[in-house]
Amino acid sequence: MPEQIVAVRKNGQGSIVEMQLSSGQVVDYKRAHEMARSGELEHVNLIRGKDGEDHLRSEPDGIQSNNLDNLPSF
């Protein structure tokens with residue numbers, strides 16, 4: 001069963017560096033990226049950024065509160 005990202009930890013520049021999953025597990029951005037690619041995470045997509053790299057994004061649903069940047073900190 002896929003996990004969901006429920007909270008995030010940001011660095012001093014405001015970038016997400018770790019994520020807490022619905023199981024309580026904490027993963028770094030790279031691991032979350034791998035999990036999204038393999039279908040282990042729900043409600044997130046990988047999108048190609050202007051820098052040519054893939055980035056995690058929450059599925060667009062019009063609800064601001066569940067965007068990755070707006071999730072609670074841990």
Side-chain angles (χ1 to χ4, degrees):
M1 179 173 192
E3 299 244 28
Q4 293 183 13
I5 299 170
V6 297
V8 297
R9 180 173 290 144
K10 297 180 182 181
N11 65 15
Q13 289 77 40
S15 297
I16 296 171
V17 293
E18 291 184 315
M19 298 162 196
Q20 184 175 32
L21 307 180
S22 49
S23 66
Q25 178 184 9
V26 175
V27 297
D28 65 17
Y29 188 88
K30 181 179 177 183
R31 177 67 182 127
H33 191 280
E34 293 167 356
M35 292 175 76
R37 185 174 303 284
S38 66
E40 297 173 68
L41 290 177
E42 291 183 325
H43 309 298
V44 293
N45 297 312
L46 292 172
I47 62 152
R48 179 78 41 150
K50 292 178 183 177
D51 60 3
E53 300 291 324
D54 287 339
H55 299 276
L56 285 172
R57 292 290 181 261
S58 55
E59 288 181 346
D61 60 7
I63 302 170
Q64 294 291 322
S65 63
N66 67 5
N67 290 350
L68 294 178
D69 267 342
N70 297 333
L71 291 176
S73 297
F74 68 98

Quiz prompt | Lys10 (side chain) donor-acceptor with Asp69 (main chain) under 3.5 angstrom | solution = yes
Quiz prompt | Nearest-0.5 Å distance that lies between atom OG in Ser73 and atom CD in Gln20 | solution = 11.0 Å
Self-check item: Between CD1 on residue Ile5 and CG on residue Leu71, distance to nearest 0.5 Å
Solution: 7.5 Å
Quiz item: Does Asn11 use its side chain to pair, donor to acceptor, with the backbone of Gln13 at less than 3.5 Å?
Solution: yes
Quiz prompt | Contact summary for Pro72 and Val6, nearest pair of heavy atoms | solution = CD-O, 3.4 Å
Quiz prompt | Leu41 with Val17, same ILVMFWY side-chain cluster at under 4.5 Å | solution = no
Exercise. Answer yes if the side chains of Ser38 and Glu40 hold a donor-acceptor pair under 3.5 Å, and no otherwise.
Key: yes
Name the atoms and distances for all side-chain donor-acceptor pairs under 3.5 Å in residues 49-56, with sequence neighbours left out.
{"unit_1": "Asp51", "atom_1": "OD1", "unit_2": "Glu53", "atom_2": "N", "d": "2.9"}
{"unit_1": "Asp51", "atom_1": "OD1", "unit_2": "His55", "atom_2": "NE2", "d": "3.0"}
{"unit_1": "Asp51", "atom_1": "OD2", "unit_2": "His55", "atom_2": "NE2", "d": "3.1"}
{"unit_1": "Asp54", "atom_1": "OD1", "unit_2": "Arg48", "atom_2": "NE", "d": "3.1"}
{"unit_1": "Asp54", "atom_1": "OD1", "unit_2": "Arg48", "atom_2": "NH2", "d": "3.4"}
{"unit_1": "Asp54", "atom_1": "OD2", "unit_2": "Arg37", "atom_2": "NH2", "d": "2.9"}

Quiz item: Where do Asp61 and Asn66 come nearest, in terms of heavy atoms and distance?
Solution: OD2-ND2, 2.7 Å
Quiz item: Who are the side-chain hydrogen bond (donor to acceptor under 3.5 Å, both in side chains) partners of Gln25, not counting sequence neighbours?
Solution: none
Quiz item: Got a sec, which residues hit side chain to side chain contact (heavy atoms under 4.5 Å, CB included) with Gln64, two or more places apart in sequence or on another chain?
Solution: Asn67, Asn70
Practice problem: Measure across Val44 and Ala36 and return the closest heavy-atom pair with its distance rounded to 0.1 Å. | Solution: CG2-CB, 4.0 Å
Quiz item: Going through the distances and angles, do Met35 and Val27 end up as a side-chain contact (heavy atoms from CB on, under 4.5 Å)?
Solution: CA-CA 10 Å; Met35 292 175 76; Val27 297; 4.2 Å; yes
Self-check item: Given Gln4, Glu3, Glu42, the one that forms side chain to side chain donor-acceptor pair (under 3.5 Å) with Ser22
Solution: Glu3
Practice problem: List in chain and number order the residues that pass salt bridge (Lys or Arg N to Asp or Glu O under 4.0 Å) with Glu59, two or more places apart in sequence or in another chain; answer none if no residue qualifies. | Solution: none
Self-check item: Those residues that, when tested against Ser65, pass side chain to side chain contact (heavy atoms under 4.5 Å, CB included) (two or more places apart)
Solution: Ile63
Self-check item: Co-members of the apolar cluster containing Val26 [side chain, <4.5 Å]
Solution: Phe74
Quiz item: What's the spacing between Glu18 CD and Arg31 CZ if we round to 0.5 Å?
Solution: 14.0 Å
